Amino acid sequence: MLLTGDNEAVARQIAAEVGIEVVYAEVMPKDKVEVVSRLQAEGKVVAIEASDITLVRGDLRSAVGAIRLSRKTLATIKSNLF
């Protein structure tokens, strides 16, 4: 899931590149709280600690690079182990 205040087109493009299916875009901070509260009420774990990636800069495109790097790192680890 991607929950962001960024533009919907950009958010959907980034989500498609990294395999995220559920996108909430152009969400204001107060509305993010409502989405998180609703998900928690549904029994889902929602926290920074639960995310696969947490961006601390304002650019969603950095997620693509981070995911590509993590996949390459994991491939290297697997090849070294096996």
Side-chain angles (χ1 to χ4, degrees):
M1 171 184 292
L2 173 61
L3 176 61
T4 182
D6 287 320
N7 173 290
E8 177 132 8
V10 172
R12 293 207 175 274
Q13 178 185 356
I14 298 300
E17 287 186 44
V18 297
I20 297 172
E21 296 178 10
V22 178
V23 177
Y24 293 96
E26 299 180 12
V27 182
M28 300 304 291
K30 69 177 182 69
D31 298 325
K32 288 180 185 177
V33 172
E34 291 173 19
V35 171
V36 168
S37 296
R38 183 179 40 117
L39 291 169
Q40 288 174 329
E42 293 172 3
K44 296 192 170 72
V45 176
V46 183
I48 286 176
E49 295 84 12
S51 68
D52 291 329
I53 184 169
T54 301
L55 301 177
V56 292
R57 294 188 310 197
D59 186 8
L60 269 179
R61 290 176 192 90
S62 62
V64 175
I67 290 171
R68 285 186 183 141
L69 177 61
S70 68
R71 288 179 179 161
K72 286 182 181 179
T73 301
L74 186 57
T76 300
I77 291 169
K78 286 181 179 179
S79 72
N80 287 339
L81 289 174
F82 305 106

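The first residue of the sequence shown is numbered 1, and numbering continues consecutively from there. Because the structure is predicted, anything quoted here is derived from the model rather than measured.
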Tell me, yes or no, whether the heavy-atom count around Glu21 atom CD, taken from other residues, nucleotides or ligands under 6.0 Å, exceeds 12.
-> no
Indicate, with yes or no, if Val33 and Leu3 share a hydrophobic cluster defined by side-chain heavy-atom contacts under 4.5 Å among Ile, Leu, Val, Met, Phe, Trp and Tyr.
-> no
Can you tell me how far apart [atom1] ([X]) and [atom2] ([Y]) are? Round to the nearest 0.5 Å.
X	Y	atom1	atom2	result
Thr73	Lys78	OG1	NZ	12.0 Å
Leu74	Ser79	CG	OG	10.0 Å
Ser62	Leu69	OG	CG	12.0 Å

Check Ile67, Val23, Ile20, Val64 against Ile14 for a side-chain contact (heavy atoms from CB on, under 4.5 Å) and give me the one that passes.
-> Val64
With respect to Val36, which candidate in Glu34, Gln40, Arg38 satisfies the side-chain contact (heavy atoms from CB on, under 4.5 Å) definition?
-> Gln40
Residues Arg12 and Glu17 bridged, charged N to O under 4.0 Å = no
With a 4.5 Å limit on heavy-atom distance, are the side chains of [X] and [Y] in contact?
X	Y	answer
Thr4	Val27	no
Glu26	Asn7	yes
Val22	Leu2	no

Chi angles and distances behind the side-chain contact (heavy atoms from CB on, under 4.5 Å) call for Glu42, Leu39 = CA-CA 5 Å; Glu42 293 172 3; Leu39 291 169; 3.9 Å; yes
Minimum heavy-atom distance between Ala25 and Glu8, given as atom pair plus value | CB-CA, 3.5 Å
